[in-house]
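Nothing here was measured: the structure is a model prediction, and the numbers come from that model. Heavy-atom basis, side chains included; hydrogens, waters and symmetry copies ignored.
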Amino acid sequence: LGTLTCQNTPAIITFDAHGGSIAPFLTFHTNSEDCITNTIMIDLKNLVKDQIMTEIVRGVKTESGWKVLIVDHEALRMISSCMRMFDLTDNGITIVEDICKSRQPMVDLDAVYLMKPTHANVELVRKDFAGRKKYACAHIFFIDVAPDDVLQGLAHADLKPFVRTASELNLAFVPMESQVFSLDAPDGLYQYYSPYSLGTDASVVAAKLASVCGALGEAPVVRYSGSSARCATLGKLVQDRLERLMQYDDIMQQSARTKKSQLLILDRNFDMLSPLVHELTYQAAAYDLLDIEDNTYTYRYEDTQGRTQSKNVVLGDRDPIWEEFKHSHITQVFKGVSARFKEFTAANQDDGKEGGKFGTKELRTMMKNLPQHQEKMAKFSLHLDLADKIMKGFTEAVERATMAEQNMCMGEDPEHKKLKDLIGELSDVIVDRDVDTNSKLRVLLVCIIASGGLDKSDLSRLVDLAEVPYSRRKVLQSLKVFDLPVEAEKKAKKVTKPKRRERETQFTLSRWTPLCKDIMEDAITGALSTREYPPVKGSPAPLVETQASGTAAEEPVVSARKRGGWAKKDKKDKAKGGATDSAPGSGGTTGNTNRLIVFVLGSVGYNEMRTAYEVSQRYGIDVVIGSHNLASPVQFLSQLENLEEQRAGQVGSVAVCTTHHRYYIAHTHLPCALYHMLYPNTLCYKRYVRIVVSVVSRMPVEESQHRRLIRSGCACRFGALTMMLSHSWAC
């Protein structure tokens, strides 16, 4: 860019972090201190919102005070997750437009571009100023570090005279909740694990993870699942990206010197049970049992005139009742919302029924009698309706499926007797026609995972008894891509299960705790094995000075069902007050600014998200969890089914084993005759071939090498293919 000027005003080009030959010509810019919150219980959504408001909305000054905001799809998703339209319009944004769509010229207004740093986006900006310009000038903000060749596009003759600002921000992610983020990649599980996938660009994922760390002002120690080559490759790329960012970010440099934060990268196969089981906490149960799309729930209610109305509501942090109860057991939600409503009516209505019993009908009748508080009443109506729908959705059939899942996950029944036969736990569930196919498949998958594989004849018999359609039976075989056995082998080594922490159990149907909670707590206390979760660089240290108090005494197990006693506590529980795992006094604000960032490949479940909040509360540490996308159990089941589908344009794939010593080139779609030319002894099944390749070297092989190998084969360049095999592997 060098001598870039804009008419009579020099262009100010600012960058959060950037390496390369043009860095000396740039005015360095870092996130302001007030954009980084170092207090306990970080709020990702507010952090991103503050940065957008400070750097873009209020940071860009114009003569008229008004400007146009132009975004691409990724930037729009990020903004929509943490801001509302009036936040922008109240601060000088006249309209928000899509960069890919045709737009009307507004030559008197400045254009603010928020977008990914790609050649296509820069070209669209250039077209806005080529010939008859659409806007007065351009203020360009990239949501991630821009490559040098993309930056060179800003020096084009059509665009250079109109650029006033160019800046890089660490915003290449979507803040879903205060402690949850997503990379907005719905196909993440397919790209990483499907045998038909051509792989994923790990450098893109690494850049987004580094962006999360940069937004938090952290330079953490990067750790990964030691048994996963995927995580090892990603961890190294993230470390390289963080080191580049740190060169130009004072806050990250200070964090590296004074803090002990960690970034933990986990392979999805570390816990395949948690994304499948039924969960009875408010948020997880709502997304599992009800039809909720994009956090939007549709419910019907009666207005003050008795008319039935339909309304779409967004379940999020703008709803205080949702935020208070989303991680509570569903029975506690109904009681808690009713108690809040009684307090509200008592404060606003003199003749309120103080001390009386409030049912759903009584509460809704009282709502009509308080028209002056319609907005607050609508919130109560929403959550009463939502809790009631969950209660009705949790039928006796679902309860039996849930009990079977809990027993198989725990390996014992509610009386702590070890199970001798897991198949017996699910036999009553799979033959019950009141249980839907999704629940049957989930129970079967849980049984296979918990058993370490089933006998082939037993598995076939169970699937037939469950009457699973043939088109959906392939989902059971999808466990193989996670290196989990489906059919038990006689000589197979017994799978050693990780040692779990003992925890209190308040409900029989909520005994299972996601494994990531144990991993988080071990990482915080310094008990996490550096052999199983090695650091890429440096040495991880405990995030707390002293370990939290020991595990609380185990409480009696009680039923967890409302109708028939599922929510009734034992008398001993009532005397104890029903303490939960995150008991008061064990956590809270301690002034500890260390953070733990957990990233799970593929997808993460709502019960796993909940554990981040619980661990934060217990240890007084900010715990942030994220993944490619968030998935309910039904959505995760659908993602597993899609793993066995070959999509258009994908003719081959590489599925990398979790060990460092074996890799599989799986299901390469090539004519069998050509394979026989190379490998006469290879067994061919129709047009699909499975070739097992052992790595000679003990070092993990980069993903790019696998992609090059498979592309060479798919293009029938067999000379290159055989040369690579003979050079690096023994086949």
Side-chain angles (χ1 to χ4, degrees), residues 177 278-349 352-353 356-399 402 436 507 509-510 560-564 566-567 606-607 609-610 630 632-635:
E177 294 183 7
H278 288 81
E279 174 83 10
L280 294 180
T281 50
Y282 192 23
Q283 182 187 44
Y287 280 84
D288 187 9
L289 301 176
L290 305 180
D291 186 17
I292 299 176
E293 293 289 339
D294 293 328
N295 301 327
T296 302
Y297 171 66
T298 302
Y299 80 106
R300 296 181 179 277
Y301 66 98
E302 290 184 3
D303 59 15
T304 54
Q305 282 75 38
R307 297 172 298 187
T308 302
Q309 303 287 347
S310 178
K311 185 177 181 180
N312 294 330
V313 293
V314 177
L315 302 175
D317 56 352
R318 299 186 183 108
D319 185 343
I321 299 178
W322 173 260
E323 281 297 293
E324 181 181 358
F325 292 104
K326 68 180 180 182
H327 296 145
S328 302
H329 193 276
I330 185 60
T331 57
Q332 297 170 338
V333 173
F334 198 85
K335 294 177 181 177
V337 173
S338 299
R340 297 292 183 277
F341 184 75
K342 287 164 62 176
E343 295 172 1
F344 178 76
T345 52
N348 294 277
Q349 184 173 316
K353 293 183 178 181
K357 292 185 178 181
F358 285 76
T360 305
K361 293 182 180 179
E362 288 81 4
L363 291 173
R364 288 175 178 168
T365 301
M366 293 181 66
M367 290 179 188
K368 299 176 186 178
N369 299 327
L370 297 173
Q372 67 273 27
H373 301 288
Q374 285 301 307
E375 183 178 355
K376 188 72 173 179
M377 304 300 283
K379 294 291 184 185
F380 285 116
S381 177
L382 162 66
H383 292 286
L384 289 170
D385 181 83
L386 197 58
D388 188 54
K389 291 284 180 62
I390 293 173
M391 293 283 199
K392 292 178 180 178
F394 193 78
T395 61
E396 293 183 1
V398 176
E399 180 187 6
T402 306
D436 61 84
F507 301 99
L509 299 184
S510 301
R561 183 168 173 79
K562 174 81 173 175
R563 294 179 291 275
W566 75 304
Y606 289 93
N607 52 355
M609 291 160 48
R610 169 176 53 82
L630 316 182
S632 67
V634 175
Q635 292 170 332

How far apart are the closest heavy atoms of [X] and [Y], and which atoms are they?
X: W322; Y: G316; answer: CD1-O, 3.5 Å
X: V337; Y: L384; answer: CG1-CD2, 3.9 Å
X: S510; Y: L280; answer: OG-CB, 4.1 Å
X: G393; Y: V398; answer: O-CG2, 3.8 Å
X: I292; Y: A286; answer: CD1-O, 3.5 Å

Within the distance-only criterion (no hydrogens, no angle test), does the side chain of T296 pair as donor or acceptor with the backbone N or O of D294 below 3.5 angstrom? yes

For Q635 and S632, indicate whether the former's side chain and the latter's backbone hold a donor-acceptor pair under 3.5 Å. yes

Test V314 against R318 for side-chain contact (heavy atoms from CB on, under 4.5 Å), laying out the working first. CA-CA 9 Å; V314 177; R318 299 186 183 108; 5.6 Å; no

Side chains of M609 and L630 in contact at under 4.5 Å (non-hydrogen atoms): yes

Do L509 and F394 come within less than 4.5 Å of each other through their side chains, counting heavy atoms only? yes

Under 30°, 30 to 60°, or over 60°: which ring-plane class applies to Y287 and Y606, parallel, tilted or perpendicular? parallel

Set of side chain to side chain donor-acceptor pair (under 3.5 Å) partners for R610, sequence neighbours left out: E279, E614

Donor + acceptor pair across side chains of H329, Y282 (<3.5 Å): no

Can you tell me if Y297 and D385 form a side-chain donor-acceptor pair at under 3.5 Å? yes

At what distance, to the nearest 0.5 angstrom, does [atom1] of [X] lie from [atom2] of [Y]?
X: F507; Y: T402; atom1: CZ; atom2: OG1; value: 14.0 Å
X: S310; Y: Y299; atom1: OG; atom2: OH; value: 9.5 Å
X: H327; Y: N607; atom1: NE2; atom2: CG; value: 10.0 Å
X: T281; Y: F325; atom1: OG1; atom2: CZ; value: 14.0 Å
X: Q283; Y: L386; atom1: CD; atom2: CG; value: 11.0 Å
X: D288; Y: I390; atom1: CG; atom2: CD1; value: 9.5 Å

Would E324 and R340 count as a side-chain contact (heavy atoms from CB on, under 4.5 Å) if you check the C-alpha gap in whole Å, the side-chain angles of each, and the deciding distance to 0.1 Å? CA-CA 11 Å; E324 181 181 358; R340 297 292 183 277; 2.2 Å; yes

Taken in chain and number order and not counting sequence neighbours, the residues that satisfy salt bridge (charged side-chain N to carboxylate O under 4.0 Å, His left out) with K326 are E177, E323

